[in-house]
Novice: 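Have a look at this one.
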Amino acid sequence: MQSRLKSKLAKLPASPGVYFYKDKTGEIIYIGKAANLKNRVKQYFQKNHTGDPKTKVLISEIADLDFTPVETEADALFLEAELVRRYLPRFNILLRDDKSQLYIRIDINSDYPTVKLVRRPLDDGAKYFGPYESSFAIKRALRYLRRAFPYAENRPVAQKRVSLHYHLGLDPGLEEGKTSLEAYRTNLRKLMQYLSGRRKGLVREIEREMKKAAKAQDFEKAAIARNQLAALQQLSRQILFSDREIAAASYDKALVEIMNLLDLPKPPRRIEGFDISHMQGTDTAASMVVFINGLPDKTAYRKFKMRYKANDDFAHMKETISRRLREINRQKWGLPDLVLIDGGKGQLAAALAARDECGLDFPMIGLAKREEEIILAKSEVAGQTNSRFMALGAHAFETKDFIRVILPASSHLIKLLQRIRDESHRFALSYHSTLKRRRQTTSLLDEVLGVGPLTKKKLLRYFGSTRRIFAADPTDLVAILGPKKGADLSKHLSSVKSQK
């Protein structure tokens, strides 16, 4: 065993955490979680270690390791999934034995939100967290979290009274009005905040709510907050996975690397990623995704429908950043510590121009797709850049106004930027597809006499999609729109279908 590896093994703490195995090129080949880092990692290097052939191949390729200690097993469980999605280590796939992974699905925008475990995420408007490899651990964690944030697992059918779970404090009792829909959604947002790895911020928020309610003598609300805190404290003491087989910003190596690359005073806490999506200049949409301490905060994602009608990515990027930085949005969302633009010099220049017009100053970088180049504006980079680039193993190429930085493919920073870029692209494409479907539906309905904007909105809200409007029974259309308008629309849709 190499002396460097031995040295790191000797420094392993006896605390929960996440560990990273690397090969001789520095590429991360496996990420795992542990209730006790010291015990778990050392098991791989014992002389009498037994394992399947795939595990033996993994051990033979380990040349280096890193680790990140965390406070609880719950932190490791929920945040390990994000790190695997960021780095995509090949042995995390090989060692799964073709088992499906689990996702937590929360349809918070439904009129009766539920929380379920599913095998495959769908583009159905629900929020998904995961994937998680250990079904045992995730089910056990949710069992404890349900005590803090009661939720429904299924929509009741022909049920006249609240379920037993309500009386046990595990269900909101929405069907009998025991909890309002808005209060239930607020409760689910807290659950989502925990699943996103923001436990400390959530605990502080609940503590503030408890003190505020007690001061206002709303003792029932204060008791609910107190019970939530007690349930979260109990969860931190539970053994969720033991060694069956995230961390603060100062522990995330990618954030430390970007701090060194840009010569920032501290690792960036809030990173925002922006992308533009369109089809030949139509239905243009922009996305803003938010990563807090290197992890996605999906509750903070935002989308923009472009007002400027042209096939011009640069103009659309400028419009997006200008709207993001409006005074009202700065007050609601705060300012980012770093902005990542999906694109090269043109997109970055447009974003910088929008920022400068707002009189603001925070770092912006681009990520060009072809060679995964980090694009920096010379005016934004200070100090001795060459020494910083060399320390990260980067190659830099200067043009008149920009610097192109190419980092090793195994770089922590590149993995994080790719993750943010891919997430912003996915979110923008999803909204673009929604706009396209709406336009197609609207253009068909425009041809029907008497069907105006309010009627279109009413139909889309009721049926949910173009396909469902086309498949609607005439009696449903009459019930929604009235006899004349419903009959006219039914006749029009029938003629359109007959022409196809």
Side-chain angles (χ1 to χ4, degrees), residues 74 78 103-118 124-130 138-139 141-236 290 292 296-303 331-334 461-462 464:
F78 290 120
Y103 294 81
I104 299 174
R105 178 185 184 273
I106 304 178
D107 56 339
I108 190 169
N109 294 320
S110 166
D111 58 354
Y112 198 100
T114 58
V115 179
K116 297 180 179 179
L117 286 173
V118 298
D124 56 1
K127 303 293 184 182
Y128 288 88
F129 298 85
I138 195 64
K139 289 174 182 176
L142 283 178
R143 194 157 63 241
Y144 288 106
L145 283 171
R146 196 175 184 186
R147 298 176 187 174
F149 311 106
Y151 59 78
E153 292 182 315
N154 297 288
R155 180 190 290 265
V157 179
Q159 187 171 306
K160 296 182 179 180
R161 60 183 66 182
V162 293
S163 66
L164 175 62
H165 282 135
Y166 169 74
H167 295 290
L168 295 175
L170 303 176
D171 188 284
L174 200 62
E175 60 270 26
E176 275 198 7
K178 301 294 184 181
T179 302
S180 69
L181 180 58
E182 186 52 42
Y184 180 31
R185 284 177 175 162
T186 300
N187 191 55
L188 288 180
R189 290 188 188 99
K190 292 179 180 177
L191 173 61
M192 293 162 63
Q193 189 173 342
Y194 191 97
L195 296 177
S196 299
R198 294 181 288 132
R199 178 176 57 85
K200 290 184 178 179
L202 176 61
V203 168
R204 289 194 296 266
E205 180 183 329
I206 296 175
E207 286 175 342
R208 286 194 298 268
E209 290 178 359
M210 182 176 66
K211 292 176 182 177
K212 184 178 179 180
K215 189 174 182 180
Q217 296 188 347
D218 188 348
F219 299 116
E220 183 178 353
K221 188 175 181 180
I224 292 173
R226 179 203 61 202
N227 293 341
Q228 286 181 331
L229 288 173
L232 290 179
Q233 290 170 356
Q234 185 181 13
L235 175 62
S236 68
V290 180
I292 303 295
D297 180 5
K298 296 190 177 184
T299 60
Y301 285 15
R302 297 294 182 269
K303 52 195 178 186
Q331 291 177 359
K332 287 192 298 184
W333 308 335
R461 186 186 298 118
Y462 184 86

Novice: Less than 4.5 Å apart, any side-chain heavy atom of Thr299 and any of Lys127?
Specialist: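 A side-chain contact is absent here, since even the closest heavy-atom pair is not under 4.5 Å.
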Novice: Could you state the interatomic distance from CG (Leu170) to CZ (Arg147), rounded to the nearest 0.5 Å?
Specialist: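 Separation between the atoms: 7.5 Å.
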Novice: Is the shortest heavy-atom distance from the side chain of Lys332 to the side chain of Arg302 under 4.5 Å?
Specialist: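 Side chain of Lys332 against side chain of Arg302, heavy atoms only: no contact under 4.5 Å found.
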Novice: Can you name the nearest heavy-atom pair linking Pro172 to Lys178, along with the distance?
Specialist: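 Answer, listing the atom of Pro172 first, then Lys178: O-CB, 3.6 Å.
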Novice: Check whether Asp107 reaches the backbone of Ala126 with its side chain - one donor and one acceptor, N or O, closer than 3.5 Å.
Specialist: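 No, Asp107 side chain to Ala126 backbone: no donor-acceptor pair under 3.5 Å.
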Novice: Are Arg146 and Val115 packed together at the side-chain level, in the sense that at least one heavy-atom pair is separated by less than 4.5 angstrom?
Specialist: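 They are not in side-chain contact.
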Novice: When you compare the side chain of Asn187 with that of Thr179, does any pair of heavy atoms fall below 4.5 Å?
Specialist: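 Contact flag for Thr179/Asn187 side chains = no.
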Novice: Considering non-hydrogen atoms only, spot the tightest contact between Gln228 and Phe149 and give its length.
Specialist: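 Scanning both residues completely, I find the closest heavy atoms to be NE2-CD2, 3.5 Å.
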Novice: Is Tyr151 reaching over with its side chain to a backbone N or O of Leu188, donor-acceptor style, under 3.5 angstrom?
Specialist: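 No: the side chain of Tyr151 does not pair with the backbone of Leu188.
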Novice: With rounding to the nearest 0.5 angstrom, report the CD to NZ distance, Glu209 to Lys211.
Specialist: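 Going from CD on Glu209 over to NZ on Lys211, the span is 12.5 Å.
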Novice: Return the set of residues passing side-chain contact (heavy atoms from CB on, under 4.5 Å) with Phe219 (not counting sequence neighbours), or none when no residue passes.
Specialist: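 Result, side-chain contact (heavy atoms from CB on, under 4.5 Å) vs Phe219: Gln217.
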Novice: Within a radius of less than 6.0 Å around NZ of Lys221, do more than 12 heavy atoms belonging to other residues, nucleotides or ligands occur?
Specialist: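 Not buried by this count: 12 neighbours or fewer within 6.0 Å.
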Novice: Please tell me if the side chains of Glu153 and Asp171 come closer than 4.5 Å, counting only heavy atoms from C-beta onward.
Specialist: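 No; the side chains remain at least 4.5 Å from each other.
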Novice: Can you name the nearest heavy-atom pair linking Ala152 to Tyr184, along with the distance?
Specialist: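 Scanning both residues, the minimum pair turns out to be N-OH, 2.9 Å.
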Novice: For the residue pair Lys139 and Leu117, what are the closest heavy atoms and their distance?
Specialist: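 In this case the closest contact between Lys139 and Leu117 is CG-CD1, 3.5 Å.
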Novice: Measure across Ala222 and Ala213 and return the closest heavy-atom pair with its distance rounded to 0.1 Å.
Specialist: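 For Ala222 versus Ala213, the nearest heavy atoms are N-CB, 3.7 Å.
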Novice: Between Ile108 and Arg185, what is the shortest heavy-atom contact and its length?
Specialist: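 For Ile108 versus Arg185, the nearest heavy atoms are O-NE, 3.0 Å.
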Novice: Apply salt bridge (Lys or Arg N to Asp or Glu O under 4.0 Å) to the pair Glu182 and Arg189, showing each step before the final yes or no.
Specialist: CA-CA 11 Å; Glu182 186 52 42; Arg189 290 188 188 99; 3.5 Å; yes
Novice: Measure the spacing between CG of Leu181 and OG1 of Thr186 and express it to the nearest 0.5 Å.
Specialist: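 Here the rounded value is 9.5 Å.
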Novice: Are the side chain of Arg226 and the backbone N or O of Met210 linked by a donor-acceptor pair below 3.5 Å?
Specialist: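 Side chain of Arg226 to backbone of Met210: no pair is present.
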Novice: Can you tell me how far CD1 of Ile138 sits from CD1 of Ile104, rounded to the nearest 0.5 angstrom?
Specialist: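 Interatomic distance, Ile104 CD1 to Ile138 CD1, rounded to 0.5 Å: 4.0 Å.
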Novice: Report yes if some heavy atom in the side chain of Arg155 is under 4.5 Å from a heavy atom in the side chain of Asp111; otherwise report no.
Specialist: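 Yes, close enough: below the 4.5 Å cut-off.
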Novice: Do other residues, nucleotides or ligands put more than 12 heavy atoms under 6.0 Å from Tyr301 OH?
Specialist: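 Check passes, neighbour count above 12.
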